[in-house]
Amino acid sequence: MKEYAPATIEEKWRTRWKKDHLYTVSHLKGDKKYILDMFPYPSGAGLHVGHVEGYTGTDVLSRFYRMRGFTVLHPMGWDAFGLPAENYAVKTGIHPSETTQKAIVTFTKQMQAMGFSYDWSKELGTHTPAYYRWTQWLFLILYKKGLAYRAKAQVNWCPSCKTVLANEQVVNGECERCHSLVIQKDMEQWFFRITAYAERLLQDLEKLDWPNSTKLGQIHWIGKSEGITITYTIDGSDQTIECFTTWPTNWGASFLVLAPEHHLVQKITTQSEKKAVDAYLSEVQMRSESQRIKSREKTGVFTGSYALNQVTGKKIPIWVSDFVIAHVGTGAIQGCPGHDMRDFEFAKKFNLPIPRVVVGEDGDTSEIESPEQVLEKGQTGKMMNSDFLDGMEYSAGIQKTKEYFVEKGWGKLVVNYKLRDWLVSRQRYWGAPIPMLFCDKCGWQSVADSDLPVKLPNDVDFKPTGESPLVHSQEFNKGIICPQCGGKARREADTMDTFVDSSWYYMRFADPNNAEHFADKEKLRQWLPVDMYVGGAEHTVLHLLYSRFITKVLYDEGYVTFDEPFVSLRHPGTILGPDGVRMSKSRGNVINPDDEVSKFGADTVRMYELFMGPFKDMKPWSTSGGQGLYRFLKKVWNIYSNQAFVKKSPERIEKLLHKLIQKMTKDIAALKFNTALAALMEFVNNSANQLDKSSAQIFLLLLAPFAPYITEELWETIGGPYSIHSQSWPPFDEEKTKNSTSVLAIQINGKLRATMQVESTVTEEEACHKALSIEKIQKLVQNIKTRLIYVPGKVINIVTVE
RNA sequence: GCCGCGGUGGCGGAAUUGGUAGACGCGUAGGUCUCAAAAACCUAUGGUGCAAAACAUCGUGUGGGUUCGAUUCCCACCCGCGGCACCA
């Protein structure tokens, strides 16, 4: 008997499958499933066990659905542009295309070793001109629709990466990539108008089979709030200030506050306060937004001007403070310190009046002096000191205020979104050039479609200086002519955010080599949308939001027939180190999948990754956990290579087998891989030496999606036709999954006292009679008045009655 | 602070239209085989009481509640993880 030698058989079948193009899909037959992993950034570090978990999950699914007769699109590609490769290039002087290419080779080798059934004929890389030509095309589609625009704005600037960043890429005030503190800069940049889609991005979440937490993440990020914008007149000025609020307690408004960047700050500052205001503004400028947010300490300065509170008739002072953020609402607020904690803190600090207009359930109507007395939005109480509102419920009073202000023409109802437009330009080299030209006479011009791609040049010093590296490329800037006037023009030298590259790649997989279109319309209709998308939850407000936006734009333009890209979405849980802590080089707790494969073979590693626990849960890697799966495979190997089969399996085994098929079919479809694998092991434990050959074949088919190599080898050993992965998933007979007997638990007052086996046809009367005739039960219940609760097939509970 | 997810043996985990808690695996202990070790196989394995079995009893973060019966449902709280965070 041969020993199980994973390395040998895995190499053998890998070569064979490759030669036969076993997983290549050329056209659609029957129903389709598009099963997709979030494509990786090919880093020098290679694949890690976290990647492998997700990829194994989708691979099992893909193999399962293929066996069930679906045509499965299961491609892989490379999200290759981006800062890490470029930063590495800056450090070492090696060109990013070189390091990227090397990493792609490594990744491919590792994925193939794992036995993933990707259709490599569909491979794509976002850094290839054949791909980014269409990223540029996409930019122009948005530009023509007015959805890509150039504007001067306060933007996030990473001083270390020396580029601007999107809001979504600033995490806790730090650069998502290098963790430097991000600062604010006024710059002219390219934006995508994602805010125009805010409402649809919010509404359509309902249609999606996504984890709830991910949907909520997007809902919060979009941040819809309904409120009122109130217009204030300024004493002695013809300017007006608009303040947005969702909770107008206007009889209690005792001051206004403008954000330091508000356009009226200079205009309304009086001569006498100018010096103080200027000093405050320059002080604020020294601090980054994140620093401002972190310290809750209120600062501010009086402008010298007053606004009119329409309902109290009082003049209220206008202040400037950095606790008001320019891009939130209108960048100006009405201070209602009695009923908003931030306003309260501000009023306390600067000795502003704190009127009370609500009385809470405690009946306290005294002057508000401590934070506990502040009755905020969402709390309950009754209106007071508010004219005709007095006595009304708090929330009703707020509603009434809104209506009153609208009626009087002092305000209008508005819907506000937290979402801001997507800043897509980057002052970096390793990305897709933005296909725009600038002419001094004619302004911005788009590059003609026939001139795409605008190729990324090679004669570039990629050291970041804050200016785009492409500015200095001869190759890139040679002979640029304005399409309008024929005069000299220059190219836009910024490149696009890599999230633009990844916002549409799943569409390209439908038709990755098309040179005429971003993808053939018919093929898009056939394959998209993605049926099952698997990847990390960290992309909730990045890739997953951007992709939905881009899909909707292309839908509106008639390029695609679906308006949501990912029907179902799942996130594999993070795999922690054996010490239960997130893996990191500095902790030294990183598990390298290659080491595990050389120890046990890819089949074992695949199975261990899925056996550890529920797919979506975070779970620690166990250094000995792989042993169990390896033992299991060896056991299976021994049974099959000995051909230790009986002539005919007993009926008991046949029933177990049908139950197993049923469970596997259900569990795999629900991504419950851990319990599916447990069921396979249980079956082997229970069927030792009692399998006949046809049952043995069925068992191998069930194991095949998880362990493609060993099952192919053993399938051949027992004479199955090549390839096991082209066979049909076994059906099960519902009748045979049912038991003719069942075990009933017998409880007395809810406590288990005995069990007994009964026919499943047993009547209640028979079952109860039998239970009461058990000697032990008899002893326990004699001389006690009881009643019986009977749950067929489950339990008999004997309850004492008074 | 707000939102979301979770808390079950020594460890990873299983079981929810409420019905035998601990499947499956790891680890551990004992045994078989071996000169020996590894591998493989067999047995045991939630705690406590008992020499042991039988048995009893406790047991799914804590405290209450609903129910014949609660890991599962309800209320309050504690702890851990993730996200958002002066959003007006």
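Here is how names work: the chains are called A, B, and so on, in the same order as the sequence lines, proteins then strands, and each is numbered from 1.
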Original post:
Once each nucleotide of nucleotides 6-19 of chain B is scored for protein heavy atoms under 4.0 Å, what B/S/- sequence comes out, 5' to 3'?
Top reply: ------BSS----B
**OP:** In whole angstrom, give the distance that lies between atom NZ of A:Lys635 and atom C1' of B:rC24.
**Re:** 11 Å
**OP:** Go through the steps for A:Phe611 and A:Phe673 under the test ring-ring contact (aromatic ring centres under 6.0 Å, His included), then give the verdict.
**Re:** CA-CA 7 Å; A:Phe611 184 68; A:Phe673 305 120; over 10 Å; no
Original post:
Atom OH of A:Tyr4 to atom P of B:rA40: distance rounded to whole Å?
Top reply: 13 Å
**OP:** Write down the atom of A:Leu542, the atom of A:Gln169, and the distance for their closest heavy-atom approach.
**Re:** CD2-CG, 3.9 Å
Original post:
Can you tell which of B:rC41, B:rA88, B:rC24 lies closest to the side chain of A:Phe244?
Top reply: B:rA88
Subject >> Along RNA chain B (nearest heavy atom to each residue), the more 5'-positioned of A:Gln334 and A:Val541 >> reply: A:Val541
**OP:** May I ask you to check whether over 12 heavy atoms, not counting those of A:Lys400, lie within 6.0 Å of atom NZ?
**Re:** no
Subject >> Distance, P atom - from B:rC81 to B:rC26, rounded to whole angstrom >> reply: 30 Å
**OP:** Look at the side-chain N and O atoms of A:Arg753 and state whether any lies under 4.0 Å from the OP1 or OP2 oxygen of B:rU57.
**Re:** yes
Original post:
Is it the case that A:Lys298 places NZ or CZ above or below the six-membered ring of A:Phe346, under 6.0 angstrom from the centre and within 45 degrees of the axis?
Top reply: no
Subject >> Integer angstrom distance from the C1' of B:rU71 to that of B:rU20 >> reply: 14 Å
Original post:
Which of the following nucleotides, B:rA85, B:rG25, B:rC68, is nearest to the side chain of A:Asn685?
Top reply: B:rG25
Original post:
In terms of ring plane angle, is the pair A:Tyr630 and A:Phe600 parallel, tilted or perpendicular, where the classes change at 30° and 60°?
Top reply: tilted
**OP:** Could you work out the separation of B:rU60 and B:rA70 based on their P atoms and round it to a whole Å?
**Re:** 11 Å
Original post:
Between A:Trp247 and A:Tyr394, what is the ring plane arrangement, given parallel below 30°, perpendicular above 60°, and tilted in between?
Top reply: perpendicular
**OP:** Please state the P separation for the pair B:rU17 and B:rG9 - nearest whole angstrom.
**Re:** 23 Å
Original post:
In terms of base orientation, is B:rG30 syn or anti, with the syn window spanning 90° either side of 0?
Top reply: anti
Original post:
Taking the six-membered ring for Trp, are the ring centroids of A:Trp410 and A:Tyr404 within less than 6.0 Å of each other?
Top reply: yes
**OP:** Quote, to the nearest angstrom, the C1' distance that separates B:rU62 from B:rC3.
**Re:** 24 Å
**OP:** Kindly point out which of B:rC86, B:rG25, B:rA88 is positioned nearest to the side chain of A:Val328?
**Re:** B:rA88
**OP:** Write down the atom of A:Ile653, the atom of A:Phe683, and the distance for their closest heavy-atom approach.
**Re:** O-CE1, 4.2 Å
Subject >> Same-atom distance (P) from B:rC58 to B:rG69, integer angstrom >> reply: 15 Å
**OP:** Compute whether any side-chain donor of one residue and acceptor of the other, for A:Tyr608 and A:Gln627, lie under 3.5 angstrom apart.
**Re:** no
Subject >> Spacing of A:Met681 atom CE relative to B:rC24 atom P, expressed in whole Å >> reply: 10 Å
Original post:
Side-chain N or O of A:Lys751 less than 4.0 angstrom from OP1 or OP2 on B:rG69?
Top reply: no
Original post:
Atom CZ of A:Phe706 to atom P of B:rC24: distance rounded to whole Å?
Top reply: 17 Å
Original post:
For A:Lys634 and B:rA40, is the shortest distance between a side-chain N/O and OP1 or OP2 below 4.0 Å?
Top reply: yes
Original post:
How do A:Thr755 and A:Gly625 order along RNA chain B: which one's closest nucleotide is nearer the 5' end?
Top reply: A:Thr755
Subject >> Closest to side chain of A:His220, choosing from B:rC3, B:rA88, B:rC87 >> reply: B:rC3
Subject >> Atom pair distance, as rounded to whole Å: NZ in A:Lys599 and P in B:rA39 >> reply: 14 Å
Original post:
So does A:Asn212 get a side-chain nitrogen or oxygen closer than 4.0 Å to the phosphate oxygens (OP1/OP2) of B:rC3?
Top reply: no
**OP:** Name the closest nucleotide to the A:Ala745 side chain, picking from B:rC68, B:rC24, B:rU20.
**Re:** B:rU20
Subject >> Nearest-angstrom distance from the residue atom CH2 of A:Trp221 to C1' of B:rC3 >> reply: 15 Å
Subject >> Atom pair distance, as rounded to whole Å: CG in A:Leu752 and P in B:rC58 >> reply: 14 Å
Subject >> Pairwise P distance for B:rG46 and B:rA52, with rounding to whole Å >> reply: 15 Å
Original post:
Just the dot-bracket of RNA chain B, please: which string comes out with Watson-Crick or G-U pairs under 3.5 Å, [ ] for crossing, | for another strand?
Top reply: (((((((..(((......[....)))((((((.......))))))((((.....))))..(((((..]....))))))))))))....
Original post:
Angle class for the A:Phe699/A:Phe632 ring planes (parallel below 30°, perpendicular above 60°, tilted otherwise)?
Top reply: perpendicular
**OP:** Taking atom C1' in both B:rA14 and B:rC24, compute the distance separating them and give it to the nearest angstrom.
**Re:** 8 Å
**OP:** Could you check which of B:rA88, B:rC24, B:rC84 has an atom nearest any side-chain atom of A:Lys418?
**Re:** B:rC84
**OP:** To the nearest Å, give me how far apart OH (A:Tyr630) and C1' (B:rG25) are.
**Re:** 17 Å
Subject >> Heavy-atom closest contact (A:Thr380 atom, A:Leu375 atom, distance) >> reply: O-CD2, 4.3 Å
Subject >> Phosphate OP1/OP2 of B:rA40 contacted by A:Arg631 side-chain N/O (<4.0 Å) >> reply: yes
Original post:
Would you say the side chain of A:Lys619 lies within less than 4.5 Å of the side chain of A:Leu576, judging by non-hydrogen atoms?
Top reply: no
